[in-house]
Amino acid sequence: MKIPVREQKQPRQYIVKALFELLEHKNYHDITISRLAQKANISRRTFYRCFQTKDDVMKYTSALLMDEFADTLLKNHAADLKGIAQSYFEFWEHFIDILLLLKKQHLLYFLEDDMPALVRDTAVKIKHIPPEYERITPSADLEKYKYLFHFRLAGFWRLTLIWCEENPRKTPEQMGILMEEIVYENGNS
């Protein structure tokens, strides 16, 4: 299983890797901090220096995944809908084992709960929106944009969950074309 990486050979990476290895065989709620630390070959004390809870490990992993997604967008120079969609599904193809494991374990909420903020942070990283976006004085246009953003994000996410269970899965290129057709056939909403 491919695990997103921020820093090499750090306790946080060992913990993330150990948690996902344990999740392949155990229910998330049955995994103890002691077992997780043992699997990561670290002490409980080291675990608590890095994280307070297992949930913090999952939130950290979500942030790592979104960093990887931003890097994929930058690497692919994705600027239009088709390119962004293709990069998005390329990214998830790379981390399909994590996506399927989170789905199987009913842990997708770790991604879903923070998805708007994670996507916003990704948009800032790739310079799609300015860092001060949240400090802009609210206006009717900004409020409408926020609703539209969440609407589109939810649609993208639901398509991701359908796609990840297809057998065989469509390629990222096919999904980029499909997303473009869906959006432009429905009035560019």
Side-chain angles (χ1 to χ4, degrees), residues 1-76 78 84-126 153-154 156-172 175:
M1 175 178 305
K2 293 177 182 152
I3 301 294
V5 176
R6 185 172 287 159
E7 60 268 334
Q8 293 290 332
K9 308 233 183 239
Q10 297 294 320
R12 284 179 178 254
Q13 290 305 121
Y14 297 146
I15 294 166
V16 169
K17 185 176 187 291
L19 179 58
F20 278 89
E21 288 174 0
L22 289 169
L23 283 172
E24 290 179 356
H25 307 287
K26 291 188 83 159
N27 184 294
Y28 177 75
H29 301 292
D30 295 335
I31 298 171
T32 64
I33 299 299
S34 294
R35 180 66 184 111
L36 181 52
Q38 178 186 27
K39 181 75 174 172
N41 204 23
I42 61 168
S43 67
R44 282 175 47 98
R45 184 177 185 169
T46 299
F47 176 90
Y48 285 114
R49 272 195 300 235
C50 297
F51 301 104
Q52 296 300 308
T53 66
K54 285 185 306 187
D55 288 1
D56 291 340
V57 178
M58 295 301 296
K59 291 175 184 176
Y60 175 76
T61 304
S62 295
L64 287 177
L65 286 167
M66 293 311 288
D67 278 351
E68 290 281 340
F69 175 51
D71 290 345
T72 301
L73 289 171
L74 290 169
K75 177 188 80 167
N76 292 346
I84 291 169
Q86 185 172 328
S87 294
Y88 175 81
F89 286 100
E90 177 184 314
F91 158 78
W92 278 120
E93 186 70 41
H94 186 74
F95 290 107
I96 194 67
D97 293 335
I98 289 177
L99 182 60
L100 292 171
L101 186 57
L102 291 175
K103 192 170 189 316
K104 177 184 169 192
Q105 287 275 352
H106 306 285
L107 298 173
L108 288 173
Y109 63 90
F110 282 108
L111 286 170
E112 294 166 346
D113 288 352
D114 293 330
M115 187 72 74
L118 291 168
V119 169
R120 184 198 63 239
D121 292 347
T122 299
V124 168
K125 182 176 180 180
I126 65 170
L153 183 59
F156 235 90
W157 184 242
R158 294 307 301 168
L159 284 175
T160 305
L161 299 180
I162 292 168
W163 167 82
C164 78
E165 292 192 336
E166 288 181 333
N167 189 11
R169 270 187 299 282
K170 290 176 180 53
T171 66
M175 290 305 293

Check: Is the closest side-chain donor-acceptor distance between Ser43 and Tyr48 under 3.5 Å?
Finding: no

Notebook entry, point to check: Going by heavy atoms in the side chains, are Leu100 and Cys164 under 4.5 Å from each other?
Noted result: yes

Note to self: In the structure I gave you, are the side-chain heavy atoms of Phe69 and Trp92 within less than 4.5 Å of one another anywhere?
What the structure shows: no

Checklist line | Any Lys54 side-chain heavy atom under 4.5 Å of Thr32 side chain | finding: no

Next item on the list: Return the minimal non-hydrogen interatomic distance between Ile3 and Lys17, and the atom names on each side.
Entry: CG1-CA, 4.3 Å

Next item on the list: For residues Leu36 and Ile31, report the shortest heavy-atom separation together with the two atoms involved.
Entry: CB-CG2, 4.3 Å

Check: How many angstroms lie between CG in Leu159 and NZ in Lys170, if you round to the nearest 0.5 Å?
Finding: 10.0 Å

Check: Does the side chain of Arg49 come under 3.5 Å of the side chain of Thr46 through a donor N or O and an acceptor N or O?
Finding: yes

Margin query: Under a 4.0 Å threshold between the charged nitrogen and the carboxylate oxygen, would Glu68 count as salt-bridged to Lys2?
Written below: no

Note to self: Working to the nearest 0.5 angstrom, can you tell me the gap between Glu90 CD and Met175 CE?
What the structure shows: 14.0 Å

Checklist line | Glu24 side, atom CD; Lys104 side, atom NZ - distance, nearest 0.5 Å | finding: 8.5 Å

Checklist line | Spacing of Met66 atom CE and Thr72 atom OG1 [to the nearest 0.5 Å] | finding: 10.0 Å

Notebook entry, point to check: Closest heavy-atom contact between Lys26 and Gln105?
Noted result: O-NE2, 2.8 Å

Notebook entry, point to check: How long is the span from the CD atom in Gln38 to the CZ atom in Arg44, to the nearest 0.5 Å?
Noted result: 11.5 Å

Notebook entry, point to check: How about Leu19 and Thr61: do any of their side-chain heavy atoms sit closer than 4.5 Å?
Noted result: no

Margin query: Against Ser62, only a single residue in Val57, Asp113, Leu111 fulfils side-chain contact (heavy atoms from CB on, under 4.5 Å); can you say which?
Written below: Leu111

Item checked: Side-chain heavy atoms of Trp163 within contact of Ile96, under 4.5 Å -> yes

Notebook entry, point to check: Atom CG of Leu107 and atom NE2 of His29: how far apart are they, to the nearest 0.5 Å?
Noted result: 6.0 Å

Checklist line | Between Tyr60 and Asp55: side-chain donor-acceptor atoms closer than 3.5 Å | finding: no

Item checked: Closest heavy-atom pair and its distance - Leu23, Leu101 -> O-CD1, 3.5 Å

Check: Around Asn41, counting heavy atoms of other residues, nucleotides and ligands shown, do more than 12 lie under 6.0 Å from its CG?
Finding: no

Note to self: Please give me the minimum heavy-atom distance between Leu65 and Phe95, naming the atom from each residue.
What the structure shows: CD2-CG, 3.8 Å

Next item on the list: Report yes if some heavy atom in the side chain of Tyr14 is under 4.5 Å from a heavy atom in the side chain of Lys39; otherwise report no.
Entry: no

Notebook entry, point to check: How about Ser87 and Asn76: does a side-chain donor come under 3.5 Å of a side-chain acceptor?
Noted result: yes

Margin query: Any side-chain to backbone donor/acceptor pair from Gln86 onto Thr171? Under 3.5 Å, distance only.
Written below: no

Next item on the list: Give the intermediate values and the outcome of side-chain hydrogen bond (donor to acceptor under 3.5 Å, both in side chains) for residues Thr160 and Tyr88.
Entry: CA-CA 9 Å; Thr160 305; Tyr88 175 81; 2.6 Å; yes

Checklist line | Tyr28 and Leu22, any side-chain heavy atoms less than 4.5 Å apart | finding: no

Checklist line | Heavy-atom pair of closest approach, residues Trp157 and Leu99 | finding: CH2-CD1, 3.8 Å

Notebook entry, point to check: Any side-chain heavy atom of Phe20 sitting closer than 4.5 Å to one from Leu102?
Noted result: yes

